[in-house]
Amino acid sequence: MIQLVLGDILDMVGDPAKLGGTAHRYFSPGALLIEDGKITEAGFADELKQKYAPKLSLEDCQVIDYCGHLITPGFIDTHIHYPQTEMIAAYGEQLLTWLEKYAFPTEMQFDDSDYAEKIAELFLNELLNNGTTTALVFGTVHPESVDAFFKQAQKRHLRMIAGKVLMDRNCPDNLSDTAETGYLESKALIEKWHNTDRLSYAITPRFAPTSSPEQLAKCRDLLNEYPDVYLHTHLSENKAECDWIKSLYPDATNYLSVYDNAGLVKKRSVFAHGIHLDESEYQCLANKEAAISHCPTSNLFIGSGLFNLAKCEQHDVKVGLGTDVGGGSSFSMLQTYNEAYKIQQLQNHTMSAFKGLYLATLGGARALDLEGTIGNFLPGCEADFIVFDTAPTPFLGFRLAKCQDLHERLFCSLMLGDDRMIKQTYILGAPANPFPSSFTAESAQQELV
Ligand code: GUN
Ligand code: ZN
């Protein structure tokens, strides 16, 4: 099937910190030519219409008209916990007590496959409403949680990466696996789901305090057996967590070295947060081609600290953006940029809207080693994209109409927007109308309270 999507087409082909004004492409009035769910070309509408005239006259060619609307690649959320959907906005705690009081009790419910599937439905609908088309996702310790998630993601034809939490100490008994059972359960899930349709598996030790050295060694065994699976964990988020690492691993040079000594720092390793790092940790991440997922709403909400983007740019560390729901306070990557911008302002570092779009799209794709597959509109990429609204509310319509240039229009859309700014999300060229959720507003209240 051939599709021509008309609109103001904007994507990133590089990092603005390196390429400046040549990092983005903007075609207005522009078009995307899509064939069988993949991008053939993005360009100016007139040029594409001329170049592809014979194809466009074919009977099965569909023209989708979003003239005047901004169209970008779908957002990539590089760190999020689907089981924590229901406890977003949990009041009053910092990381370690927040885990005990809110995260662990919530996650205990996910041994129930039916419940896990209902939450996965709700979660995926929320991602799509917010224009997020790919995410790197934590499950819980229960393999059922990952089966439920992948089943729902597969039904929606989504590109998703997820894994079962590995956690064999310092946690409630009913959320604990062992080095051996965690290994066997992860292996079975990899065999079942990894590289099935658009799904990939991430080995997911929660963080070093809840995995024994034996469990981290088992993670390495899995990476050796399945070299193209991901490694997904937390790193240096909170000061008390970092102190805990020092007492658990007194011989470690720094936090990252705990993972590095276990052989877990490599391409396709994604570390959430990375706030309190020393120079050698930035350098190690860069040398090993590992990535950080920066989660600004979470870092502010749980009071963890200010992420140093400039250091990552200096050391050439790959960075993507993450919402970290439920530690993060929004599913929206627009709101995530809003808080990222302010975190950089507090450090005298100005983060442009183009840098924000880069982190939310191509930067995320690079962090996930998926450049060329998702993240921009270069030929061959999968056609997951977002159509922005021009006036999601009368006031936003008024403010956007006052914008003088592309940067201002993008900045206002990111800074002021949320799910209302996303007019439509497309997956492989098809509109991602939210599937009916098992929860209506009323039944959600009854069932979840
Ligand atoms: N560190 C270990 N587990 C978690 C979690 O669930 N959320 C966040 N934000 N940090 C963590
Ligand atoms: Zn997290």
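For ligands, and for the atoms within them, numbers begin at 1 and follow the listed sequence. Throughout, residue positions are numbered sequentially from 1 according to the sequence presented. Model, not experiment: these values are computed from the prediction.
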Is Lys118 salt-bridged to Glu86, going by a charged N under 4.0 Å from an acidic O? no
Test: Arg399 and Glu408 ion pair at under 4.0 Å: yes
In terms of residue, atom name and distance, what is the protein heavy atom nearest to [atom]?
atom                    : answer
atom 5 (C) of ligand 1  : His81 CE1, 3.5 Å
atom 9 (N) of ligand 1  : Asp324 OD2, 2.7 Å
atom 4 (C) of ligand 1  : His234 CE1, 3.4 Å
atom 3 (N) of ligand 1  : Arg206 NE, 2.8 Å
atom 10 (N) of ligand 1 : Glu237 OE1, 2.7 Å

* When you look at NZ of Lys151, are more than 12 heavy atoms from neighbouring residues, nucleotides or ligands closer to it than 6.0 Å? -> no
So for Leu95 against ligand 1, with non-hydrogen atoms under 4.0 Å, the contacting part is side chain
Atoms of type N, O or S from protein under 2.8 Å of the Zn ion (ligand 2), total 4
Compute whether any side-chain donor of one residue and acceptor of the other, for [X] and [Y], lie under 3.5 angstrom apart.
X      : Y      : answer
Gln154 : Asp197 : yes
Asp324 : Thr297 : no
Asp168 : Ser212 : yes

Q | Sub-4.0 Å heavy-atom approach of His273 to ligand 1 | A | yes
Can you confirm, on distance only, whether ligand 1 has an N/O atom lying under 3.5 Å from any N/O atom belonging to Trp98? no
Are any of the N/O atoms in Glu107 less than 3.5 Å from those in ligand 1? no
Practice problem: Carefully, step by step, assess Asp389 and His69 under the rule side chain to side chain donor-acceptor pair (under 3.5 Å). | Solution: CA-CA 6 Å; Asp389 210 327; His69 290 263; 4.8 Å; no
### Query
Once the angle between the rings of His294 and Phe307 is folded into 0 to 90°, is it parallel (under 30°), tilted (30 to 60°) or perpendicular (over 60°)?
parallel
Rounded to the nearest 0.5 angstrom, the OG1-CG distance for Thr72 and Leu362 is 12.5 Å
Only one of His276, Lys246, Glu241 passes side-chain contact (heavy atoms from CB on, under 4.5 Å) with Tyr255, and that residue is Glu241
A student checking ligand 1 against Phe207 at a 4.0 Å heavy-atom cut-off should list atoms 1 (N), 2 (C)
Can the ring centroids of Phe271 and His234 be said to lie less than 6.0 angstrom from one another? no
